[in-house]
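When a ligand or atom number is given, it counts from 1 through the structure's own listing order.
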Amino acid sequence: MKTKVLVTGGAGFIGSNLVESLINKVDEIIIVDDLSMGLKSNLPSSNKISFYEKSITDYKFMKELLVNERPDYIFLLGAVASVADSVAHPIYTHEVNQNANLFILETIRQNKIKIKKILFASSAAVYGDVVELPKRENSEVRPLTPYAIDKFATERFVIDYGKLYGLPTVAVRFFNVYGPKQNPKSPYSGVLSIISDKIINDKCFTIFGNGEQTRDFVFVDDVIHALLLLIDSDLALNTVYNIATGRAVSLNQVLSSYEIVTGKTLAIDYSTPRSGDIEHSLADISKITSLGFVPKYDITSGLAKYWQSLTDK
Ligand code: NAD
Ligand code: UD1
């Protein structure tokens, strides 16, 4: 039987890595991305891919696409992924990060489209400044920004569409994902894409704070394995999973590992901590490991593969 997959945000960092891995596994991949952050050049050239440079808020387009194409699986990755943008433009980002996803769910329901599974990308941002560590899926949530509020609410909508209307769903909370194709263009881009960009261009990297803040950095290949596991598993139904490694490293540790991997010494300066920055973030990943997920990369092997992708070009 032919398998058709829709990926919103498929030209972005995580989306394009997912598409690359899906190419050999499915028959057809439909991508909707407005290229506000993603790049067409992130995508492999393949006649299995249909690419639409459209916004998921173009409701007429999205309805026609869903009704005509009737995909088997949907990955909802399209979002304004920058927290700072959500603080600057809360109404616009709410439209993209929540309403457009709700419209997709409702179109599927109203048109009785038989979906095998729909997966939504939420964020560790939903935990906000909750101090409990490690963060479990049933820990308190304290979303502190429009981005985090929309992610949490949409995650609940997705899961509720599963429970109320029988649509098979799953949601994931990504921790700090890094790897090839992450776009360093914003000051709020993932810190590892910024550090990589500074190393390549021989520029100075600014640490906000003393570098002792810790994060659960997860390499994108592990993230893709987790997504494929969850979309396939009948046990992962109408619930949310942390996606991370279950290990935290400090920014200072990351920098020394990256110096070893690249053989370069990075110029560093220090600035005051970012307002609202949390000190420590770490996931409990026992829920997803109980399904068989094992993260393969630690920070050193992940950085080595990331660096190789940057220098191979
Ligand atoms: P990204 O910005 O690279 O990918 C998001 C993609 O969505 C981009 O290609 C962008 O062009 C596209 N997009 C934005 N607005 C759109 C719109 N209106 N219509 C269609 N496409 C639109 O970010 P990413 O890191 O790949 O994130 C993927 C998903 O994972 C996002 O939902 C993000 O919020 C979530 N997430 C990522 C991380 C991380 O560490 N990278 C952490 C938590 C959550
Ligand atoms: C991440 C998410 C954010 C989410 C938050 C919730 C990303 C890119 N961001 O933020 O959406 O709200 O988790 O937990 O995944 N840093 C520097 N110098 C720089 C850039 C960053 O020192 O030039 C520091 C930051 O201050 C922070 C750490 O590096 O302490 C990591 O920063 P970043 O990659 O932006 O991720 P989070 O702050 O964890």
Side-chain angles (χ1 to χ4, degrees), residues 7-18 31-40 42-43 52-58 61-62 75-87 92-93 95-97 99-101 120-130 135 143-145 147-148 150-151 154 172-179 181-195 197-198 204-218 220 223 227 243-244 250-252 254-255 268-283:
V7 184
T8 70
F13 161 44
I14 298 172
S16 61
N17 278 283
L18 173 67
I31 297 169
V32 179
D33 196 304
D34 68 354
L35 300 185
S36 52
M37 193 68 176
L39 299 169
K40 215 164 163 212
N42 280 344
L43 296 170
Y52 296 95
E53 185 179 343
K54 289 278 185 188
S55 173
I56 52 171
T57 60
D58 183 337
F61 167 78
M62 286 306 297
F75 291 89
L76 299 173
L77 302 180
V80 179
S82 154
V83 173
D85 281 353
S86 82
V87 173
Y92 173 70
T93 56
E95 200 54 36
V96 178
N97 291 355
N99 289 347
N101 289 309
F120 172 70
S122 180
S123 168
V126 303
Y127 297 112
D129 59 0
V130 168
K135 278 144 183 168
L144 300 172
T145 57
Y147 173 81
D150 284 333
K151 284 293 183 190
T154 306
V172 294
R173 293 176 182 163
F174 293 136
F175 279 65
N176 293 70
V177 187
Y178 69 98
K181 298 177 183 160
Q182 189 164 28
N183 191 334
K185 84 175 178 191
S186 146
Y188 292 92
S189 294
V191 68
L192 280 167
S193 68
I194 295 177
I195 297 171
D197 191 51
K198 302 293 185 199
C204 183
F205 170 69
T206 303
I207 296 185
F208 301 124
N210 61 8
E212 285 305 300
Q213 60 265 55
T214 59
R215 294 291 184 272
D216 193 330
F217 288 104
V218 56
V220 69
V223 169
L227 296 182
I243 297 193
S250 71
L251 204 47
N252 289 328
V254 166
L255 290 167
I268 292 172
D269 68 13
Y270 291 84
S271 180
T272 48
R274 246 182 203 169
S275 107
D277 218 16
I278 52 167
E279 200 44 36
H280 301 294
S281 172
L282 170 66

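For atom 3 (O) of ligand 1, the closest heavy atom belonging to the protein is Phe13 N, 2.8 Å. In this structure, the protein non-hydrogen atom closest to atom 23 (O) of ligand 1 is Ala81 CB, 3.7 Å. Annotation: atom 41 (N) of ligand 1 to nearest protein heavy atom, Ile14 CD1, 3.8 Å. The closest protein non-hydrogen atom to atom 5 (C) of ligand 1 is Ala79 O, 3.7 Å. In this structure, atom 19 (N) of ligand 1 lies nearest to the protein heavy atom Ile56 N, 2.9 Å. Closest to atom 13 (N) of ligand 1 among all protein heavy atoms lies Asp34 OD1, 3.4 Å.
With sequence neighbours excluded, the residues that form a ring pair (Phe, Tyr, Trp, His ring centres under 6.0 Å) with Tyr178 are Phe219.
Of the possible donor and acceptor atoms, none in the side chain of Asn97 sits under 3.5 Å from a partner among the backbone N and O of Ala79. For Gln182 (side chain) and Ser189 (main-chain N/O), no donor-acceptor pair under 3.5 Å exists by modelled atom type. Gln213 places a side-chain N or O within donor-acceptor distance of the main-chain N or O of Gly211, the cut-off being under 3.5 Å.
Here the closest non-hydrogen pair linking Thr145 and Ser86 is CB-OG, 4.3 Å. Shortest non-hydrogen contact noted between Ile195 and Leu255 is CD1-CD2, 3.7 Å.
For Phe61, the CZ atom is densely surrounded, since the number of other residues' heavy atoms within 6.0 Å is greater than 12.
Closest heavy-atom approach to atom 28 (C) of ligand 2 among the candidates Gln182, Glu279, Arg215: Arg215. Closest heavy-atom approach to atom 15 (N) of ligand 1 among the candidates Ser36, Ser186, Ala244: Ser36. Among Leu192, Thr154, Leu77, Val80, the residue whose heavy atom lies closest to atom 29 (C) of ligand 1 is Leu77.
Ligand 1 lies nowhere less than 4.0 angstrom from a heavy atom belonging to Glu95. Under the 4.0 angstrom criterion for non-hydrogen atoms, Gly190 is not in contact with ligand 1. Remark: distances from the non-hydrogen atoms of Phe175 to ligand 1 include one below 4.0 Å. Taking 4.0 Å as the cut-off, Phe175 does not count as a neighbour of ligand 2 on heavy-atom distance. At least one heavy atom of Asp33 sits closer than 4.0 Å to an atom of ligand 1.
Residue Gly12 has at least one nitrogen or oxygen atom sitting less than 3.5 Å from a nitrogen or oxygen atom of ligand 1, judged on distance alone. At under 3.5 Å, a nitrogen or oxygen of Val177, whether backbone or side chain, sits near a nitrogen or oxygen of ligand 1. Below 3.5 Å of separation, one finds an N or O of Thr206 facing an N or O of ligand 2. Every N/O-N/O distance between Phe174 and ligand 1 stays at or above 3.5 Å. Polar contact with ligand 2: present for Asp277 (N/O pair, distance under 3.5 Å). At under 3.5 Å, not a single nitrogen or oxygen of Ser122, backbone or side chain, sits near a nitrogen or oxygen of ligand 1. Residue Gly78 has no N or O atom closer than 3.5 Å to an N or O atom of ligand 1. For a threshold of 3.5 Å applied to N or O pairs, the pair formed by Phe208 and ligand 2 contains at least one separation below that value. Looking at Ile207 next to ligand 2, no N or O pair under 3.5 Å apart turns up. Between Gly38 and ligand 1, at least one pair of N/O atoms sits closer than 3.5 Å. Remark: ligand 2 and Ser123 share no N or O pair separated by less than 3.5 Å (distance only, no angle test).
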**Request:** Start with the C-alpha gap between Asn252 and Glu212, add the side-chain angles, then the distance that decides, and say whether side chain to side chain contact (heavy atoms under 4.5 Å, CB included) holds.
**Result:** CA-CA 6 Å; Asn252 289 328; Glu212 285 305 300; 2.6 Å; yes
**Message:** Checking Ile194 against Asp197 for the side chain to side chain contact (heavy atoms under 4.5 Å, CB included) test, could you report, in this order, the C-alpha distance in whole Å, the side-chain angles of both residues, the deciding distance, and whether it holds?
**Reply:** CA-CA 5 Å; Ile194 295 177; Asp197 191 51; 5.6 Å; no
**Request:** Might you work through the side chain to side chain contact (heavy atoms under 4.5 Å, CB included) test for Tyr92 and Asp85, ending with a clear yes or no?
**Result:** CA-CA 9 Å; Tyr92 173 70; Asp85 281 353; over 6 Å; no
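The atoms of ligand 1 that sit less than 4.0 Å from any heavy atom of Ala11 are 9 (O). Counting atoms of ligand 1 from 1 in the listed order, those under 4.0 Å from a heavy atom of Lys54 are 19 (N), 20 (C). Each of the atoms 2 (O), 8 (C), 10 (C), 11 (O) of ligand 1 lies under 4.0 Å from some heavy atom of Met37.
Checking atom 21 (C) of ligand 2 against the protein gives a heavy-atom contact under 4.0 Å. For atom 9 (N) of ligand 2, no protein heavy-atom neighbour is present inside the 4.0 Å cut-off.
Counting heavy atoms under 4.0 Å from ligand 1, residue Tyr147 touches it through the side chain alone. Heavy atoms of Lys151 found under 4.0 angstrom from ligand 1 belong exclusively to the side chain. Of the heavy atoms in Ala125, none comes closer than 4.0 Å to ligand 1. Residue contacts with ligand 1, taken as heavy atom pairs separated by less than 4.0 Å, involve Leu35 solely via the backbone atoms N, CA, C and O. Contacts with ligand 2 closer than 4.0 Å are made by no heavy atom of Tyr127, backbone or side chain. Contacts between Val83 and ligand 2, counted as non-hydrogen atom pairs separated by less than 4.0 Å, involve the side chain only. For Ser55, heavy-atom contacts with ligand 1 shorter than 4.0 Å involve the backbone as well as the side chain.
A cation-pi contact, defined as under 6.0 Å to the ring centre and within 45° of the axis, is absent between Lys198 and Phe205.
To the nearest 0.5 Å, atom OG of residue Ser16 and atom NZ of residue Lys40 are 13.5 Å apart. Between the CZ atom in Phe13 and the CG atom in Leu39 there is a gap of 13.0 Å [rounded to 0.5 Å]. Here Leu77 contributes atom CG and Ile14 contributes atom CD1; the two are 7.0 Å apart, rounded to the nearest 0.5 Å.
Side-chain contact between Ile56 and Met62: present, with at least one pair of heavy atoms (C-beta onward) separated by less than 4.5 Å. Taking 4.5 Å as the limit, some side-chain heavy atom of Phe174 sits within range of a side-chain heavy atom of Leu227.
Between the side chains of Asp34 and Ser36, a donor-acceptor pair is found at a separation under 3.5 Å. A donor-acceptor contact closer than 3.5 angstrom links the side chains of Thr206 and Asp269.
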